[in-house]
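This report refers to the structure that appears directly beneath it.
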Amino acid sequence: MNALAATSRNFRHASRLLGLDSKVEKSLLIPFREIKVECTIPKDDGTLVSYVGFRVQHDNARGPMKGGIRYHPEVDPDEVNALAQLMTWKSAVADIPYGGAKGGIGCNPGDLSKSELERLTRVFTQKIHDLIGVHTDVPAPDMGTNAQTMAWILDEYSKFHGHSPAVVTGKPIVSAKDCHAQDLGGSLGREAATGRGVVFATEALLAEHGKSIKDLTFAIQGFGNVGSWAAKLIHERGGKVIAVSDVTGAVKNPNGIDIPELLRHKETTGSLKDFQGAESMDANELLIHKCDVLIPCALGGVLNRENAADVKAKFIIEAANHPTDPEADEILAKKGVVVLPDIYANSGGVTVSYFEWVQNIQGFMWDEQQVNNTLQNYMTRAFHNIKSMCQTHDCNLRMGAFTLGVSRVARATLLRGWEA
C-alpha cells in the first residue's frame with residue numbers, strides 16, 4: 001500500500017473513532033493547494049535540463065503550513081500529498097501552531113554539482129515564492145536537502161520580499177571559533193532535533209513499560225542525520241546499539257557497537273564497510289535482527305507483510321515516515337510488538353523548526369540547553385496526550401496519535417466556521 005493510501009486509511013479510521021461528520025471528514029482530507037512547476041536549469045556543461053517540482057499545502061486551520069522539501073528521484077504527487085497530510089496531523093500531535101505541507105523535486109541530488117543544486121533550488125523558489133511565506137507556508141530540509149538548501153531559499157525569497165529569516169527553518173549553524181554562529185537565524189539544536197526527539201519519545205514509551213534505554217539492545221536502519229544522532233544519544237545513555245545499516249552496508253556486534261568510532265569511520269570513508277569494531281551483515285537482515293528495539297530511520301514501507309512476521313524486536317520506533325505498511329501493522333500487533341508511530345516519534349524535527357521560527361519572529365535566539373529542554377517537555381507531554389486518547393478510544397498508539405492530531409485539526413476547523 002502506498003503512503004497516500006495508508007495515511008488516508010489511518011485518517012479515516014481515526015475519523016470513525018472520533019465520530020466526525022462526513023462533511024468535516026471530507027474537508028480535512030482535501031488539500032488546500034497543490035502546486036506543480038517545471039524547473040529548467042543550465043548544467044555545468046551548458047546543456048539544459050528540466051525537473052518537476054511539487055508543493056502540496058494540505059491544511060492551515062491551526063497555523064501556517066509547514067513541511068520539508070526533498071530532492072529524490074521518486075518524488076511524485078502521491079507521495080508529497082501523503083507526507084503533507086501527515087505533517088498536518090504531526091504538527092497537531094506535537095501541539096505546535098502549524099498545518100501541514102510538503103514539497104520536493106524529482107531529481108537525484110548525488111548526480112548534480114553544488115552549483116547545479118543551487119541553480120535548481122533558486123529556480124524552484126522563484127516559481128513558488130508567492131505561495132510560501134512566514135505566515136503562509138514555511139519549508140524545511142528533508143531527504144536530499146540540507147541547511148545550505150534552506151540558505152539558498154531564504155536568499156532567493158528575500159530578493160522578492162525583503163529579509164525574511166522565518167520563511168524557512170533548518171538554516172545553517174556555522175562553527176566559529178569558540179561558538180556556533182547563527183548568522184542566518186538557524187536554531188541551535190536543530191540538526192540533532194529529529195534524532196533527539198526519537199530518543200525522548202523512546203524514553204517516554206519505555207518508562208510506560210518500566211524499562212530504560214540503558215537496559216536494552218537497539219538495531220538502527222538508516223545512519224543518516226536522524227539515525228546517527230539517535231544512535232549517538234542512545235549510546236551516551238548506556239543503550240547497546242548492536243546493528244546499524246545504511247545504503248553503504250550494514251554492521252553488527254552483539255556486545256554493542258562503539259558509535260563514536262563508527263561515526264568517525266563513516267566520516268572518514270563515507271561508508272559503514274570495513275569498520276573494524278563490528279562484522280558486516282546483510283542489510284536486509286537488520287529489520288529482523290534479534291534486538292529489543294528496532295528504529296527504522298530510512299525510507300517508507302520497509303516493514304511489510306513479507307517480513308513483519310520475522311521481526312524479533314519488542315518495540316518499533318518509527319523514526320522514518322511511514323516505515324510500516326498497514327498489513328505489517330496488523331501482523332506486528334498480533335505478535336505483541338509495540339509500534340510508536342511516525343507522526344509522534346519523528347516530530348522532534350518539526351518541533352524545533354517551530355522553535356527556530358519563533359526565535360526568528362522575535363529576533364531573540366535561545367541557547368541549546370533551552371532548545372533541548374523545551375523539546376523534551378513537548379515530546380513527553382505529547383506521549384501522555386496520546387496515551388490518554390488510547391484509553392478514551394480503546395486503541396493502539398498509532399490510532400491514539402491519529403485521533404489526537406485529527407481531533408485538534410477538526411476542532412480548529414469547526415471553531416473557524418469552515419464546516420459550511
Side-chain angles (χ1 to χ4, degrees), residues 10 86 89-90 93-94 192-246 257 259 286-304 307-308 311-325 328-329 331-333 335-351 375-376 378-380 382-384 386-387 390 396-402 404:
N10 288 329
L86 212 55
W89 318 133
K90 185 184 295 186
V93 168
T194 308
R196 194 179 296 277
V198 165
V199 173
F200 288 150
T202 303
E203 288 178 322
L205 175 66
L206 294 177
E208 188 78 14
H209 291 265
K211 300 177 185 296
S212 68
I213 284 176
K214 65 181 176 61
D215 302 320
L216 301 177
T217 58
F218 296 79
I220 297 178
Q221 187 227 17
F223 203 59
N225 175 270
V226 179
S228 60
W229 272 108
K232 182 175 183 287
L233 295 167
I234 287 166
H235 183 79
E236 287 175 2
R237 284 159 168 74
K240 196 182 286 187
V241 180
I242 59 170
V244 171
S245 73
D246 69 4
I257 297 168
I259 296 299
L286 184 130
L287 294 165
I288 58 173
H289 194 64
K290 184 172 171 53
C291 63
D292 297 312
V293 184
L294 171 64
I295 309 182
C297 304
L299 290 169
V302 294
L303 291 167
N304 47 54
N307 60 11
V311 169
K312 299 173 184 67
K314 303 175 188 72
F315 301 94
I316 295 173
I317 314 296
E318 293 189 333
N321 284 319
H322 180 59
T324 312
D325 276 348
D329 246 349
I331 295 166
L332 292 167
K335 284 166 59 75
V337 178
V338 178
V339 179
L340 197 61
D342 51 0
I343 62 167
Y344 163 65
N346 67 28
S347 64
V350 70
T351 302
L375 174 61
Q376 184 168 23
Y378 269 73
M379 296 301 296
T380 305
F383 180 78
H384 292 303
I386 290 167
K387 286 296 296 183
C390 290
N396 63 17
L397 288 166
R398 189 178 308 283
M399 278 304 110
F402 264 88
L404 177 63

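This structure is a prediction, so every number in the text was calculated from the model and none was measured.
- A distance of 11.5 Å separates CD1 of I316 from CG of L205, quoted to the nearest 0.5 Å.
- Across all their heavy atoms, P341 and A401 have their closest contact at CG-CB, 3.9 Å.
- The two residues K312 and H289 come nearest to each other via the heavy atoms CB-O, 4.1 Å.
- Between Y344 and F383, the two ring planes are tilted [angle within 30° to 60°].
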- Message: Evaluate T202 against F315 for side chain to side chain contact (heavy atoms under 4.5 Å, CB included), listing each step before the verdict.
- Response: CA-CA 9 Å; T202 303; F315 301 94; over 6 Å; no

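- The CG atom of N10 sits 6.0 Å away from the CZ atom of R398 when rounded to the nearest 0.5 Å.
- K314 pairs by the salt bridge (charged side-chain N to carboxylate O under 4.0 Å, His left out) definition with D292, not counting sequence neighbours.
- Proximity of L294 to L286: side-chain heavy atoms (C-beta onward) are separated by under 4.5 Å at one or more points.
- Atom CD1 of I343 sits about 9.0 Å away from atom CH2 of W89, to the nearest 0.5 Å.
- Within the 4.5 Å cutoff, the side chain of N346 has no heavy atoms near those of the V226 side chain.
- From F200, atom CZ reaches atom OG of S347 across 12.0 Å, with rounding to the nearest 0.5 Å.
- Counted within 6.0 Å of NZ on K335, heavy atoms from surrounding residues, nucleotides or ligands total more than 12; the atom is thus considered enclosed.
- Atom CE of residue M399 and atom CD1 of residue I386 lie 11.5 Å apart, to the nearest 0.5 angstrom.
- Looking at heavy atoms from C-beta onward, L397 lies out of side-chain contact with V339 at the 4.5 angstrom threshold.
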Please table the atom pairs, donor to acceptor, closer than 3.5 Å between any side-chain atom in residues 236-245 and protein atoms at least two apart or in another chain.
from	atom 1	to	atom 2	distance (Å)
E236	OE2	K232	NZ	2.9
R237	NE	E203	OE2	2.8
R237	NH1	L233	O	3.4

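- Inter-residue side-chain proximity for E318 and L340 is flagged as unmet; no heavy-atom pair is nearer than 4.5 Å.
- Side-chain atoms of D246 never come within 3.5 Å of backbone atoms of A298 as a donor-acceptor pair (strictly under, hydrogens ignored).
- Across all their heavy atoms, C291 and A219 have their closest contact at SG-CB, 3.7 Å.
- Scanning both residues, L303 and P296, for their nearest heavy atoms gives CD1-CG, 4.5 Å.
- Residues W229 and V198 fail the side-chain proximity criterion, which asks for heavy atoms closer than 4.5 Å.
- The shortest heavy-atom contact between A319 and C297 is CB-SG, 3.6 Å.
- Contact record, C390 with G400: SG-CA, 3.8 Å, taken as the closest heavy-atom pair.
- The side chain to side chain donor-acceptor pair (under 3.5 Å) test with K90 is passed by exactly one of T351, N321, D342: N321.
- We find the OG1-CG distance between T194 and N225 to be 6.5 Å, quoted to the nearest 0.5 Å.
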query = Should I234 and I295 be marked as a side chain to side chain contact (heavy atoms under 4.5 Å, CB included) after you check the CA-CA gap, both sets of side-chain angles, and the distance that decides it?
reply = CA-CA 11 Å; I234 287 166; I295 309 182; 3.7 Å; yes

